[in-house]
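What follows is a short report on a single structure.
Remember, it's 1-based here, ligands and their atoms both numbered in the order they're listed.
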Amino acid sequence: MEDVAERRGARLNFDTSVSEVPYPEASVAKRLEIIRPALEADLVINVPKLKTHVYTTFSGAVKNLFGLVPGYTKAGYHAKFNNLIYFSKMLLDIFNFVRPALNVMDGVVALEGDGPGWHGHPRKVGVVMASLDGLALDVAACRLVGIHPERVPTLEIAREQGLVDFEGIEIKGCQEKFVGFKMPSVCRDPAGYVQSGFFRSFVHPVLISMLTARPVPIEDRCSGCGTCLSACPRGAIEVRGGVAVVDHDLCIRCYCCHELCPYAAIDLRTSWLGRLLRRTGVMGRWSRGEISQ
Ligand code: SF4
Ligand code: SF4
């Protein structure tokens with residue numbers, strides 16, 4: 001593989017050195033830590049995969065650029081932007097800072113259900129989509145698989161900020177809709193809604209905890225490898241007797257452990273109250289996991 005790439009004059013980049021750059025125009029991330037090759041590049045071509053995401057609902061052009069924050073530095077971002085709304089604003093800041101020249105989304109085999117890690121299910125969608133505008137591309141991709149863009153926090157916030165017009169997007173080429181794409185199943189959306197400063201100021205943390213899905217290690221599958229420990233931004237996990245244990249008081253429900261566990265040994269469980277509110281939809285428009293329309 002390396003030989004083929006070399007012969008064609010292409011080189012994989014293994015340089016993950018980082019620079020900290022000021023970004024005063026940002027809505028929340030006024031300083032960014034980004035890998036240097038991206039900062040020094042003449043232009044950036046963004047190649048996301050079409051995926052569902054248990055935390056952000058959808059992972060496309062905007063979310064993909066979080067990959068420019070290297071390795072475990074990402075955990076620090078999760079700790080700092082520790083609810084879904086702040087986190088989504090931070091993702092948008094990175095996207096706006098980098099502003100890729102071209103975005104090409106691979107939806108040949110997409111990921112549905114509880115993505116983006118091992119709990120998601122590969123699904124053949126059979127498309128490659130491209131746009132100069134990554135936000136428009138994400139909206140078009142969501143519509144293709146039946147995810148309402150207003151239920152994707154990065155897109156809804158971008159719309160509120162006047163960065164994208166959901167109705168003004170022209171799609172060229174195949175307009176066929178892909179039916180029956182599975183949304184993430186967990187009740188995670190209230191993390192943004194419920195964990196707003198206003199809500200937190202008068203609702204007991206135990207109730208907040210009941211409204212969001214909790215990461216629960218599955219003893220039979222856990223190898224005690226410790227990958228989740230390194231990924232956890234709050235140090236909320238330890239391995240005891242060869243099995244991961246989560247301190248739910250420390251946990252901020254970022255689901256990095258669920259995404260990165262190589263044995264799919266972290267389950268996300270929602271309390272009866274969370275399930276009830278998700279079913280009735282009273283937790284807001286992002287709260288229902290379901291098959292897309
Ligand atoms: S990453 Fe998965 S297998 Fe490894 S310790 Fe954590 S839960 Fe267990
Ligand atoms: S335990 Fe998992 S969900 Fe909770 S903060 Fe750590 S990585 Fe995030």
Side-chain angles (χ1 to χ4, degrees), residues 28-29 51-59 63 66-67 69-91 111 113-121 153-154 184-196 199-200 204-271 273-275 278 283 286-287 289:
V28 292
K51 291 188 282 190
T52 47
H53 197 292
V54 286
Y55 191 46
T56 59
T57 304
F58 170 76
S59 178
K63 177 71 173 61
F66 192 43
V69 176
Y72 292 122
T73 307
K74 288 187 185 71
Y77 276 62
H78 274 285
K80 189 170 175 191
F81 305 103
N82 63 1
N83 73 50
L84 183 57
I85 301 302
Y86 282 139
F87 189 76
S88 301
K89 285 182 175 173
M90 176 275 294
L91 292 177
L111 199 71
D114 289 347
W118 297 96
H119 293 265
H121 296 285
T154 47
S185 64
V186 298
C187 185
R188 97 279 160 268
D189 287 314
Y193 185 71
V194 173
Q195 292 186 353
S196 65
F199 202 94
R200 279 180 139 173
H204 195 278
V206 171
L207 181 58
I208 290 175
S209 169
M210 286 181 76
L211 295 172
T212 52
R214 307 181 337 153
V216 179
I218 307 164
E219 214 175 306
D220 294 352
R221 288 197 207 153
C222 178
S223 70
C225 70
T227 305
C228 55
L229 270 71
S230 317
C232 179
R234 291 297 302 264
I237 308 177
E238 56 179 307
V239 172
R240 276 190 231 143
V243 178
V245 178
V246 176
D247 180 337
H248 292 292
D249 291 337
L250 286 179
C251 172
I252 54 170
R253 316 293 199 255
C254 68
Y255 307 142
C256 292
C257 51
H258 174 267
E259 175 180 347
L260 295 175
C261 171
Y263 299 93
I266 301 259
D267 211 0
L268 295 181
R269 296 195 189 147
T270 309
S271 71
L273 182 60
R275 286 198 302 276
R278 191 183 73 196
M283 289 312 301
W286 295 329
S287 67

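Of the inter-residue distances, the one linking Asn82 atom CG with Cys251 atom SG reads 11.0 Å to the nearest 0.5 angstrom. Note that NE2 of His53 is 11.5 Å distant from CZ of Phe58, once rounded to the nearest 0.5 Å. Here Cys261 contributes atom SG and Trp118 contributes atom CH2; the two are 10.0 Å apart, rounded to the nearest 0.5 Å.
For the residues Gly226, Pro215, Cys261, the heavy atom positioned nearest atom 5 (S) of ligand 1 is part of Gly226. Between atom 1 (S) of ligand 2 and the options Leu229, Val216, Ile237, Val245, the minimum heavy-atom separation is to Ile237.
Not a single N, O or S atom of His258, from either the backbone or the side chain, sits less than 2.8 Å from atom 2 (Fe) of ligand 2. For atom 8 (Fe) of ligand 1, the set of nearby N, O or S atoms under 2.8 Å includes one belonging to Cys222. Metal site remark for atom 6 (Fe) of ligand 2: Cys256 contributes no N, O or S atom at a distance under 2.8 Å.
Using cut-offs of 30° and 60° for the angle between ring planes, the Phe87 and His78 rings count as parallel. Tyr77 and Phe81 have tilted rings, their planes meeting at an angle from 30° to 60° on a 0 to 90° scale.
Which parts of ligand 1 touch Thr227 is read off a 4.0 Å heavy-atom cut-off, strictly below it: atoms 1 (S). Each of the atoms 7 (S) of ligand 1 lies under 4.0 Å from some heavy atom of Ile266. Short contacts between ligand 1 and Cys228, defined as distances under 4.0 Å to a heavy atom of the residue, involve ligand atoms 1 (S), 5 (S), 6 (Fe), 7 (S). Close approach to Cys251 involves these atoms of ligand 2, each under 4.0 Å from a residue heavy atom: 1 (S), 3 (S), 4 (Fe), 5 (S). Atoms of ligand 1 lying under 4.0 Å from any heavy atom of Tyr263, numbered from 1 in the order shown and given with element: 3 (S).
Protein heavy atom in closest approach to atom 3 (S) of ligand 1: Ser223 N, 3.3 Å. The protein heavy-atom contact nearest to atom 8 (Fe) of ligand 2 is Cys254 SG, 2.4 Å. The nearest heavy-atom contact from the protein to atom 6 (Fe) of ligand 2 is Cys232 SG, 2.4 Å. Counting protein heavy atoms only, atom 2 (Fe) of ligand 2 is closest to Cys257 SG, 2.3 Å. Remark: minimum distance from atom 4 (Fe) of ligand 1 to any protein heavy atom is reached at Cys225 SG, 2.3 Å.
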**Request:** Dump the intermediate steps for side chain to side chain contact (heavy atoms under 4.5 Å, CB included) on Phe66 and Met90, then the final yes or no.
**Result:** CA-CA 9 Å; Phe66 192 43; Met90 176 275 294; 3.7 Å; yes
**Item:** Full working for side chain to side chain contact (heavy atoms under 4.5 Å, CB included) between Leu84 and Thr56
**Value:** CA-CA 7 Å; Leu84 183 57; Thr56 59; 4.3 Å; yes
**Asked** Between Leu268 and Asp114, does a side chain to side chain contact (heavy atoms under 4.5 Å, CB included) hold up when you go through it step by step?
**Response** CA-CA 9 Å; Leu268 295 181; Asp114 289 347; 5.9 Å; no
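Remark: distances from the non-hydrogen atoms of Gly224 to ligand 1 include one below 4.0 Å.
Judged by distance alone, the side chain of Thr57 and the main-chain N or O of Pro184 form no donor-acceptor pair under 3.5 Å.
Between Val54 and His258, the closest side-chain pair of non-hydrogen atoms falls below 4.5 Å.
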